[in-house]
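Both counts, for ligands and for their atoms, begin at 1 and track the order of listing. The figures that follow rest on heavy atoms only: side chains count, while hydrogens, waters and symmetry mates do not. One-based numbering along the sequence shown.
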Amino acid sequence: MVDYRNIQKFLQSRIKRRNLMIGAGAFTGLAIASQFPHQQAIAKGRFSDYPFKLGVASGEPYDTSVVIWTRLAPEPLNGGGMPPVNVPIRWEVATDPSMKRIISRGTVLATPELAHSVRVVVEGLSPHTWYWYRFNVGSEASPIGRTRTAPAPGSFANQLKFALASCQHYEQGYYTAYKYMAEDDLDLVIHVGDYIYEGGITTNVNSPRRHNGTEIFTLEDYRNRHALYKTDENLQAAHAAFPWIVTWDDHEVENNYANFISQVDTEPDQDPVIFLQRRAFAYQAYYEHMPLRPFSRPVGPDMQLYRRLNYGNLATFHVLDTRQYRTDQPCGDGARQRCAENLSPEATITGKAQEDWLYDGLDKSTARWNVLAQQVIFSQRNTRAGGLDTYSMDIWDGYVASRDRLLRFFEQRQPSNPVVLAGDVHSNWAMDLKANFDEPESAIVGSEFVCTSISSGGNGSDTSATVQGYLPFNPHIKFYNGQRGYVRCNVTPTSWRTDYLVMSNVTTPSGTISNRASFVVDNGIPGIRQVV
Ligand code: FE
Ligand code: CA
């Protein structure tokens, strides 16, 4: 066990050093003798540089409200570059892209406690309507963002088109997929995690980009890392184009963490007390940089991320958090043979409270499509190797009893059209959910679509000899592809269509995108079928 005092000292010294840098070096051009001159200077709109370098975002679309977001960060990679004072930001929402017909406006205070990030819950909007929004501070204006509310409760929208994305390692590829996504015809975007990666600078000379420092541990570290990722103009374009619904996976904190348990490694955070401090920093920075509702604001190391969003009667998104409440990976994090812990009913990937909340919501749902928007592969995936059945312990395969309870629920309670979405594995998959994956004749009880990474893993390739080798042991898996890109879902009252859009490459900024495959599910008839 690592010495607790050492890590505390380590973390504190890093924080002190960063604070010093922000106080002394970052605010060129402004008087820094006292707080008062800052406020005067900022009232006149003088920043050390353009303050909206991280762009704008919106999210959490309800029928009459949506969250709009920005952060003042004239020096994004150096703590933001703002003085430690509150700064009022004006916001406005319009019904036209040139912001002439303003229907709502106000002022919100950017505070140092939230790294001068702001979120406004814009209320009183019309259902199923496009809006445009902008922030102003001093004489500086943000880019204009566009957002859209959900249809009214009980109403049947004819169509919902959304993109599914995950895993955007900054170093391993360009976000060109987001450029295409921003130009796509969509209502919203769902991101299912690995929005940032926590590691240091790669030594791989073939990686097209570099992280901004060593592995991140402190609040300042996590803020600067989020800021680095948010400086990407393609990512900003996708945020500005649509409202997003986000949930996290592991890398927003640390690879393969489980609740308060750090990944087994040599880092000085193996003590759960220390790891929870790190988690608190990571959750705080995540909240500051995502267009989440205020109820998600973290309290210490805890953050309310699982939640439900309705898209009229057409779809309900049950957004899950399979990291914060899970028991430790049974028998280790990697690919393993089944073990007793792995099958134990005590092993849980959601925690009891979230599991009960999910059943309750599925039972009460009046939606045609019940979407589980979550992080890691749900279906069984036997990566059989060396003649032995093998499973990843970091995904639902590691928590067999959790999954079996949910599959039994699907079979017995029959919520309308369950569709599971996942990411994490840096590859595309499509599969039928089976009442019992080990019995090919058992009932199909839903569908799962797994999206590949935006950039993680570099260019990838269409097929894999390893995957081809074990697919025969997984007859419910209908599709695999190992390129980068995003998944587009087109949902109507009568059918669900999923398109797998893949990038020619991500190691140059000029990759092109094409539709690799499409699958359809018909309302009321479980089972996916390939149409392209
Ligand atoms: Fe990832
Ligand atoms: Ca992951």
Q.
If you compare all heavy atoms of G457 against all heavy atoms of Q172, which two are closest, and at what distance to 0.1 Å?
A.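 In this case the closest contact between G457 and Q172 is N-OE1, 2.6 Å.
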(Q) Show the nearest heavy-atom pair for residues T507 and N505, with the distance to one decimal. (A)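 In terms of heavy atoms, the two residues are closest at N-OD1, 3.4 Å.
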Q | Result of checking Y197, Y257, Y229, Y222 against H251 for ring pair (Phe, Tyr, Trp, His ring centres under 6.0 Å) | A |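 For H251, the ring pair (Phe, Tyr, Trp, His ring centres under 6.0 Å) check succeeds only for Y197.
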Q.
Just to be careful: counting only protein atoms that are N, O or S, how many fall under 3.0 Å of the Ca ion (ligand 2)?
A. 4
Q) In terms of ring plane angle, is the pair H289 and W69 parallel, tilted or perpendicular, where the classes change at 30° and 60°? A) tilted
Q) Quick one: does I528's side chain get under 4.5 Å of F479's, heavy atoms only? A)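 No; the side chains remain at least 4.5 Å from each other.
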Q. Under 4.5 Å between any side-chain heavy atoms of V506 and Y175, yes or no?
A.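 No, too far: nothing below the 4.5 Å cut-off.
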**Q.** Cut-off under 2.8 Å, centre the Fe ion (ligand 1), protein N/O/S atoms
**A.**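 As for protein N, O or S atoms lying under 2.8 Å from the Fe ion (ligand 1), they are C167 SG, D194 OD2, Y197 OH, H426 NE2.
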Q: Could you pull out all residues at least two apart from D321 that satisfy salt bridge (Lys or Arg N to Asp or Glu O under 4.0 Å)?
A: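 Here no residue qualifies.
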Q | Value rounded to 0.5 Å, distance of CD in E355 from OG in S402 | A | 5.5 Å
Name every donor-acceptor pair, under 3.5 Å, that has one atom in a side chain of residues 340-348 and the other anywhere in the protein, sequence neighbours excluded.
unit_1: N342; atom_1: OD1; unit_2: R338; atom_2: NH1; d: 2.8
unit_1: N342; atom_1: ND2; unit_2: D397; atom_2: O; d: 3.1
unit_1: N342; atom_1: ND2; unit_2: G398; atom_2: O; d: 2.8
unit_1: S344; atom_1: OG; unit_2: E346; atom_2: N; d: 2.9
unit_1: T348; atom_1: OG1; unit_2: T350; atom_2: N; d: 3.3
unit_1: T348; atom_1: OG1; unit_2: G351; atom_2: N; d: 2.8

